[in-house]
Novice: 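Starting off with a structure, shown below.
Every heavy atom of this structure was used, including side-chain atoms; hydrogens, water molecules and symmetry mates were not. Since this is a predicted model, take the numbers as computed values, not measurements. This chain uses plain numbering: 1 for the first residue, then up along the sequence.
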Amino acid sequence: RRFKGGRNPLEHVSCNDASAFVGKLSAQTGKKYRLLSESEWEYMARAGSTSEYPWGNAFDVSKVNNNNKTVPVGSYGANKFGVHDTAGNVWELVEDCWHKNYHGAPIDGSAWTSSGNCWRRVLRGGSWINGPWGLRSAFRVGNYAAGRGNDFGFRIARTLSQ
């Protein structure tokens with residue numbers, strides 16, 4: 001696990017590391033933190049759009065990190081929801097188990113943690129190493145839950161009481 005400090009994303013983490021982090025954060029704060037579900041991640045990244053990329057249908061190199069390393073969060077403009085860097089800084093681990101497609105996926109936005117390959121987890125958003133194909137809002141890959149990559153990170157959510 002690496003954290004370069006400041007506004008840089010945490011890198012080189014596994015899904016197991018991310019899950020352990022949100023568990024500890026929840027225990028320390030008394031609030032419920034978690035990884036986003038794949039559905040929540042795509043909703044957040046698209047910010048109401050249906051385009052190929054968070055900013056539109058044409059790839060725009062000025063809107064993504066192509067520096068061969070991570071950059072501070074907020075280096076690129078926010079989407080319509082005010083969220084930065086949803087494409088091209090680090091792959092973002094989500095809670096869902098890997099499934100080849102969405103047949104049978106939950107329709108309520110929750111993480112799909114039953115069936116499928118739960119020893120593999122979903123990553124979204126692409127990273128600094130990916131070309132345009134891997135930065136599309138709909139693009140997804142699976143990786144071993146214990147696997148780390150120098151371009152893997154995560155984003156967390158807090159569950160608010162109802």
Novice: State, with a plain yes or no, whether a side-chain heavy atom of Asp60 is found less than 4.5 Å away from one of Tyr76.
Specialist: no

Novice: Of all the heavy-atom pairs spanning Ser137 and Arg124, show the shortest one and how long it is.
Specialist: O-NH2, 2.5 Å

Novice: For residues Tyr43 and Phe81, establish whether the separation of their ring centroids is below 6.0 Å.
Specialist: yes

Novice: Does a side-chain heavy-atom distance below 4.5 Å link Ser115 with His99?
Specialist: yes

Novice: Where do Asp96 and Leu36 come nearest, in terms of heavy atoms and distance?
Specialist: OD1-O, 4.4 Å

Novice: With side-chain contact (heavy atoms from CB on, under 4.5 Å) as the test, pick out the partner of Thr70 among Pro9, Ser75, Ser127.
Specialist: Pro9

Novice: Please check if the side chain of Asp17 supplies one atom and the backbone of Phe21 the other of a donor-acceptor pair under 3.5 Å.
Specialist: no

Novice: Do Asn16 and Ser14 pair up side chain to side chain, a donor and an acceptor below 3.5 Å, judged on atom types alone?
Specialist: no

Novice: Before you tell me yes or no, could you show the steps for Arg121 and Glu95 under salt bridge (Lys or Arg N to Asp or Glu O under 4.0 Å), namely the whole-Å CA-CA distance, both residues' side-chain angles and the distance that decides it to 0.1 Å?
Specialist: CA-CA 7 Å; Arg121 296 300 178 95; Glu95 188 65 32; 3.6 Å; yes

Novice: Which class fits the ring pair Trp119 and Tyr144: parallel under 30°, tilted 30 to 60°, perpendicular over 60°?
Specialist: parallel

Novice: For the residue pair Trp91 and Asn130, establish whether any side-chain heavy-atom pair is separated by less than 4.5 Å.
Specialist: yes

Novice: Does Asn67 reach the main-chain N or O of Trp128 with its side chain, forming a donor-acceptor pair under 3.5 Å?
Specialist: no

Novice: Taking the side chain as every heavy atom from C-beta outward, state whether Glu92 and Phe154 have any pair of such atoms under 4.5 Å apart.
Specialist: no

Novice: Given the rule in the salt bridge (Lys or Arg N to Asp or Glu O under 4.0 Å) test, do Arg140 and Glu38 qualify, once you have shown the distances and angles that lead to the verdict?
Specialist: CA-CA 9 Å; Arg140 58 198 289 273; Glu38 185 174 8; 2.5 Å; yes

Novice: Locate the shortest heavy-atom distance separating Leu35 from Ser19; write the atom from each residue and the value.
Specialist: CD1-OG, 4.0 Å

Novice: Would you say that Arg158 contacts Ile156 through its side chain, given a criterion of any heavy-atom pair below 4.5 Å between the two side chains?
Specialist: no

Novice: Can you tell me if Asn57 uses its side chain to pair, donor with acceptor, with the backbone of Glu52 under 3.5 Å?
Specialist: yes

Novice: Which pair of non-hydrogen atoms, one from Asn143 and one from Phe152, has the smallest distance, and what is that distance?
Specialist: ND2-CE2, 3.1 Å

Novice: Could you tell me which non-hydrogen atom of Gly109 sits nearest to which non-hydrogen atom of Ser37, and how far apart they are?
Specialist: O-OG, 2.5 Å

Novice: Kindly give the heavy-atom pair with the smallest separation between Val71 and Asn8, and that separation in Å.
Specialist: C-OD1, 3.6 Å

